[in-house]
Amino acid sequence: MVDTDVQSRIHELRELINRYNHEYHVLQQPTIPDAEWDRLFHELKRLEDENPDFITADSPTQTVGAAPSEAFEQVRHEAPMLSLSNVFSREGLNEWIARVRRFAGRDELEFTVEPKIDGVAASLVYRNGVFDRGATRGDGMVGENVTANMRTIRDLPRTLTSPNGPIPEVLEVRGEVYMRRSEFDLMNEAREEAALPRFANPRNAASGALRQLDARITAERPLRIFAYGIGMVVGQIPFKHSDTLALIRALGVPTPPDTGVYSDADELWAACEAWLEWRADLDYEIDGVVIKVNDTRLYPEIGTVAREPRWATAFKFPASQGVTVIEDIEINVGRTGSLNPLAHLKPVEIGGVTIRRATLHNQDEIRRLAVKIGDTVVVERAGDVIPKIVSVVEENRTGDEHDFIWPEHCPVCGSTVERVEGEALSYCVNASCPAQLREQISHFVSRGAMDIEGLGTKLARRFVDDGLIRSFADIYRLNWEPIVEMEGLGEKSVENLKRSIENSKQRPLARLLFGLGIRHVGQQTADLIAAHFGSTDAIAKATQDEIAAVPGVGKVIAQSLSDWNAEERNQLLLNDLKQLGLRTEIDESERQSTTPTEWTGLTVVLTGRLETLSRGDAEGLLKKAGARTSSSVSRKTDLVIVGDDAGSKADKARDYGVETIDEQEFLRRMKMDTD
DNA sequence: AAACCTCGAGCTCC
DNA sequence: CTCGAGGTTT
């Protein structure tokens, strides 16, 4: 980059950041996510660091936050409210630790780790134990007096209670005003019902609520506070930060949970990572952890640079939000005929992953977000996996966006689209819609169903598109002539395919039933029904009431199955399948052993990758032994078998106090039992 | 209300 | 493999 480019980019960044600062601090209507702001800010910081000549005093990097607005009385913080330096990696953290050790002049140091709550920084002054003044941070030196608003915060004590010893004459508690996710969601639901706009996220909502001119409005918002330290103090306080936190807690001001003290760098890092793992399950948002030197007596020694103390830093978690553009919205037709809108995004990297697609779920979701094609949107990778469109950045609209019109006809076959009153999804009414057929066939051949090796999703679709397969039965009476001619299919693979189709005829009734793709009849329900009725003939004859009488099967499933039964072509299909030699009855080997074992009646959940067994085999073993397998952990789960790379389920099990065992232990118990 | 299930995602690793 | 929305069942 040549100098002029750098200079103009710096200029551009400053303008952008200043504008966003204004929107954030003064208008309180941020138009970009914090992560995006951080990105811009760091780009600017980096460019300035590399080109110190271009730094000017008015650059946003040289000031902390924006000037307070005129609406509130200004208050000067007796002790400035500092901001924090950031580290983003273990290396960064190690460098910070090394620096601190150098300035402290010793290697033996204690550090505290506490969550960095994503809220609004606030200062609370207590005089003789009575809440006297509340203020925002402002620019760090001067903030706004929001005492009246703070009095409405439910977990902020008006008076401090001291169980032991005197309360300091003057005590300035510093903390973060925030909203719990759950309460934020409730508030948004209520606002929606009242036809009020939703808030984008808990932090913006908290910031807005705290700066309401009418405290009665603040009182209606679910604000809470976590204290993380103290500012000015007249009187005695402990010299260790961890003890100060304990004192604050004892005085009645809430502090974040699980703050820990570590002297070992590895343990410190582990604590940071632990918070990263807990992050998704917390009822409040955190954007990192704060690490502080525990001994406050060392602070003067270690010092402060600019407005950042050197004795504390923030380990910022990787961004979980990003901004991108919706290039198109596509409608997919699922196996059940449901219309599923899928947003095509301009690829964007979030937390080290490139996101290109995101589901919009249904019509209501599109309406709720009020998204248009071409819109700039905030995308979040929540809970680590599924990307989600959070909100539209309306300010970025140019007028070139256009509404997405929900189709009245199936985009694949042109049939009418129907949405039952009270249901979220719309369906294509055409039962033989090619899109549905394609999905149905690939479901039928899939692993959980008939498990036809060599006939995967791709090939199944090809056969459907070429008209070779029009129903499940066609799979078993394929015309092989055109197939052997097909590109990419050699002699060998055709032989293998023939054999695995033949083998699949031996799949148990439950799998066949599941493969049929009857609405609401998934793996579990198929098991129940197959075990109860024992044959396709019995199922076909069963009345709706008889079906509903099966434990675990209710009205809706019974209705769905009996509707399916009532279709003549389905009866013909069952006949065909029977003629073609598929198993339409259960046999003894499918029945579970009758002698009760230690497994009988247990609810077991499998998670992660097992080494010696496939998941299906493990489930089969468990079922035979009389246990039930479930897909999610709840308080009622008896046992969780944890494999490699287990995810949230293992954590949840620990939360609930459910017993967890590894594969070795599982095999051992299994063995003992079958002997 | 809680537990569980279905179904359609999207990503990663193979 | 896992998640999450939208369901159903108890």
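Convention: sequence-line order gives letters A, B, ...; per-chain numbering from 1.
- At the heavy-atom level, A:Gln523 lies under 4.0 Å from the strands shown only through sugar-phosphate atoms.
- A salt bridge links A:Arg461 and A:Glu439; the closest N-O separation between the charged side-chain nitrogens and carboxylate oxygens is under 4.0 Å.
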Between A:Phe315 and A:Trp269, does the ring pair (Phe, Tyr, Trp, His ring centres under 6.0 Å) criterion hold? Intermediate values first, please. CA-CA 10 Å; A:Phe315 169 62; A:Trp269 176 250; 5.2 Å; yes
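- A:Arg419 places no side-chain N or O within 3.5 Å of a backbone atom of A:Leu425 that could act as its donor or acceptor partner.
- Atom CZ of A:Phe514 is separated from atom C1' of B:dT6 by 9 Å (rounded to the nearest Å).
- Each of A:Arg447 and A:Val556 lies near DNA chain C, and the nucleotide nearest A:Arg447 is the one positioned closer to the 5' end.
- A:Asp527 has its CG atom 16 Å from the P atom of B:dC4, to the nearest Å.
- Each of B:dG8, B:dC5, B:dG10 was ranked by its minimum atom distance to the side chain of A:Thr525; first place goes to B:dC5.
- Between A:Ile331 atom CD1 and B:dG8 atom P the separation is 14 Å, expressed in whole Å.
- Rounded to whole Å, atom C1' of B:dG8 lies 14 Å from atom CD of A:Gln436.
- Nearer to the 5' terminus of DNA chain B, by closest-nucleotide assignment, is the contact made by A:Arg519 (compared with the other of A:Arg519 and A:Arg356).
- In this structure, the nucleotide among C:dG7, B:dA9, B:dC5 sitting nearest to the side chain of A:Glu423 is C:dG7.
- Residue A:Gln524 contributes atom CD, which lies 13 Å from atom C1' of C:dT9 at whole-angstrom precision.
- Shown for residues 338-347 of chain A: residues whose heavy atoms fall under 4.0 angstrom of DNA chain B, namely A:Ser338, A:Asn340, A:Leu342.
- In terms of modelled atom types and a separation under 3.5 Å, the side chain of A:Asp283 and the main chain of A:Ser182 share a donor-acceptor contact.
- Between the CZ atom of A:Arg368 and the C1' atom of C:dG4 there is a distance of 13 Å, rounded to whole Å.
- The number of heavy atoms from other shown groups lying within 6.0 Å of CD (A:Glu330) is above 12.
- When the side-chain nitrogen and oxygen atoms of A:Asn362 are compared with OP1 and OP2 of C:dG6, one or more of them lie within a distance under 4.0 Å.
- Regarding A:His443, its NE2 atom lies at a distance of 14 Å from the P atom of B:dA9, rounded to whole Å.
- For A:Lys555, whose side chain is taken as the heavy atoms from C-beta onward, the closest listed nucleotide among C:dT9, B:dG10, C:dT8 is C:dT9.
- Applying the 4.0 Å criterion to OP1 and OP2 of B:dG8, one finds that A:Thr336 has a side-chain N or O inside that range.
- For the pair A:Ile557 CD1 and B:dT6 C1', the computed distance is 9 Å after rounding to whole Å.
- Of the listed residues (A:Phe514, A:Phe472, A:Phe444), just one forms a side-chain contact (heavy atoms from CB on, under 4.5 Å) with A:Met450, and that residue is A:Phe444.
- At distances below 3.5 Å, at least one donor-acceptor pair connects side-chain atoms of A:Arg507 with backbone N or O atoms of A:Asp451.
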